[in-house]
Asks: 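The structure under discussion is supplied below as structure tokens; questions concerning it will follow.
Sequence lines set the chain letters: A, B, ... in the order given, protein chains first and strands last, and positions in each chain run from 1.
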Protein chains: 2
Amino acid sequence: MSDTSIIQIDTASSVAIYEQIANAIRAHLVAGRLQPGALLPPVRELALNLGVHHNTVAEAYRTLAREGWLDLRRKRGAVVLAREAPHATAAAERRFTRHLGELTAKALADGVSPATAARHLEAIAARLRNG
Amino acid sequence: MSDTSIIQIDTASSVAIYEQIANAIRAHLVAGRLQPGALLPPVRELALNLGVHHNTVAEAYRTLAREGWLDLRRKRGAVVLAREAPHATAAAERRFTRHLGELTAKALADGVSPATAARHLEAIAARLRNG
DNA sequence: GAAATTTGTATGTTTGTACTATACAAATAG
DNA sequence: CTATTTGTATAGTACAAACATACAAATTTC
């Protein structure tokens, strides 16, 4: 994460800002771009970068801490943990497919071509298969 | 849609119920399972099925009407329109890829295996390519 | 044609929560 | 031991979701 935090906040979105932040960081974590031991920026620093209140960032950090991704300590900061994925539930998989369908539908409704959408889907799938 | 409205509402989700309903119906529309001329159930009927207030369903219908999917008229009901997709913006495509990445990351974090996730992604991609 | 019924709509209220402001607490550094 | 840097707690404001209730319009029924 270092500093080029490149988290895009969409103020027009109905998704809460702290959730957007948590989602973005989680993506970095899952992708391995944030390794165990890494240190996230202090809540005030990231908040300044993003133009939000530091408590909003803190809420995102706490969300990820609850999921087992982070260890939060005063003065030390937010440290990435080695986290083992839980066993998948059937519900988690159903949620994924449902949201995937709805997200794709929204994209098509917004004019994204089926071919383009398919390309993006396949790109992510390929990345998953390659490890 | 007829009656087996198969809309799953997740009361634990942070997504508003009316949005969940709109998302689900939009997916049906984009997939062509709801053709122009089709009639959606009255707001009170669907609301009863889903266990929510009819105004909540009405808000979902209005959301879709604003997007050009539905024509709403008193006494006649909600009629599916023939809608042409708008021209895609770069923002729409970026939003899609970003959300796609975050959604997949969440699934992996919840224990869904990369292979399984990839399979679902490819399945939707294939459906898009085949038309 | 009048009345009843069936539809979506409008208005007001409550409740939850996102976000912020500000103050606090703890841990490290000097 | 003091100062500073971190996360945390508390309180306030604003907004919006969901509901209850009442309304309006269009069709059906008699």
Asks: At a cut-off of 3.5 Å, list every protein nitrogen or oxygen paired with a nitrogen or oxygen from nucleotides 16-19 of chain D, distance to 0.1 Å.
Replies:
unit_1 : atom_1 : unit_2  : atom_2 : d
D:dA17 : OP1    : B:Tyr18 : OH     : 3.3
D:dA18 : OP1    : B:Ile17 : N      : 2.7
D:dA18 : OP2    : B:Ile17 : N      : 3.3
D:dA18 : OP2    : B:Tyr18 : N      : 3.4
D:dC19 : OP2    : B:His53 : N      : 2.7
D:dC19 : OP2    : B:Thr56 : OG1    : 2.9

Asks: For residues 10-27 of chain A, pull every pair meeting salt bridge (charged side-chain N to carboxylate O under 4.0 Å, His left out), keeping only residues two or more places apart or in separate chains.
Replies: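 Listed once each, the pairs are A:Arg26-A:Glu67.
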Asks: Measuring to OP1 and OP2 of D:dT8, would you say a side-chain N or O of A:Arg62 lies under 4.0 angstrom away?
Replies: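 Answer yes for this pair, as a side-chain N or O of A:Arg62 is under 4.0 Å from OP1 or OP2.
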Asks: side-chain hydrogen bond (donor to acceptor under 3.5 Å, both in side chains) with A:Thr116: which residues, sequence neighbours excluded?
Replies: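 A:Thr116: side-chain hydrogen bond (donor to acceptor under 3.5 Å, both in side chains) contacts with A:Ser113.
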Asks: With A:His120, which residues qualify under side-chain hydrogen bond (donor to acceptor under 3.5 Å, both in side chains), at least two apart?
Replies: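 If we apply the side-chain hydrogen bond (donor to acceptor under 3.5 Å, both in side chains) test to A:His120, skipping adjacent residues, the hits are B:Glu93.
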Asks: Holding to side chain to side chain contact (heavy atoms under 4.5 Å, CB included), I want the full list of residues that pass it with B:Asn55, two or more places apart in sequence or in another chain.
Replies: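 B:His53.
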Asks: With nearest nucleotides of DNA chain D determined for B:Arg44 and A:Tyr61 from heavy-atom distances, which residue corresponds to the more 5′ nucleotide?
Replies: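 Its nucleotide being nearer the 5' end, the pick is A:Tyr61.
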Asks: List in numerical order all residues of residues 69-81 of chain A for which some heavy atom is under 4.0 Å away from an atom belonging to DNA chain D.
Replies: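 Hits under 4.0 Å, by residue number: A:Leu72, A:Arg73, A:Arg74, A:Lys75, A:Gly77, A:Ala78.
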Asks: What pairs with B:Arg74 under side-chain hydrogen bond (donor to acceptor under 3.5 Å, both in side chains), at least two apart in sequence or on another chain?
Replies: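 B:Arg74: no side-chain hydrogen bond (donor to acceptor under 3.5 Å, both in side chains) contacts found.
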Asks: Please tell me if the side chains of B:Asn23 and B:Tyr18 come closer than 4.5 Å, counting only heavy atoms from C-beta onward.
Replies: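 No - every pair of side-chain heavy atoms lies 4.5 Å or more apart.
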Asks: List in chain and number order the residues that pass side chain to side chain contact (heavy atoms under 4.5 Å, CB included) with B:Arg44, two or more places apart in sequence or in another chain; answer none if no residue qualifies.
Replies: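 Once residues adjacent in sequence are excluded, the partners of B:Arg44 under the side chain to side chain contact (heavy atoms under 4.5 Å, CB included) criterion are B:His54.
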Asks: Checking A:Leu103 now: which residues fulfil side chain to side chain contact (heavy atoms under 4.5 Å, CB included) with it, not counting sequence neighbours?
Replies: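 A:Leu103: side chain to side chain contact (heavy atoms under 4.5 Å, CB included) contacts with B:Phe96, B:His99, B:Leu100, B:Leu103.
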Asks: From the 5' end of DNA chain C to its 3' end, which nucleotides mark the outer limits of contact with chain B, defined by a 4.0 Å heavy-atom distance cut-off (strictly under)?
Replies: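 So the contact region on DNA chain C extends C:dT5 to C:dT11.
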Asks: Excluding sequence neighbours, so at least two apart, what forms side-chain hydrogen bond (donor to acceptor under 3.5 Å, both in side chains) with A:Arg119?
Replies: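 Testing A:Arg119 for side-chain hydrogen bond (donor to acceptor under 3.5 Å, both in side chains), a comparison that skips the adjacent residues, returns none.
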Asks: Enumerate donor-acceptor pairs with a distance under 3.5 Å from any side-chain N or O in residues 123-131 of chain B to protein atoms, sequence neighbours excluded.
Replies:
unit_1   : atom_1 : unit_2   : atom_2 : d
B:Arg129 : NE     : A:Glu122 : OE2    : 3.0
B:Arg129 : NH2    : A:Glu122 : OE1    : 2.8
B:Asn130 : ND2    : B:Ala126 : O      : 3.4

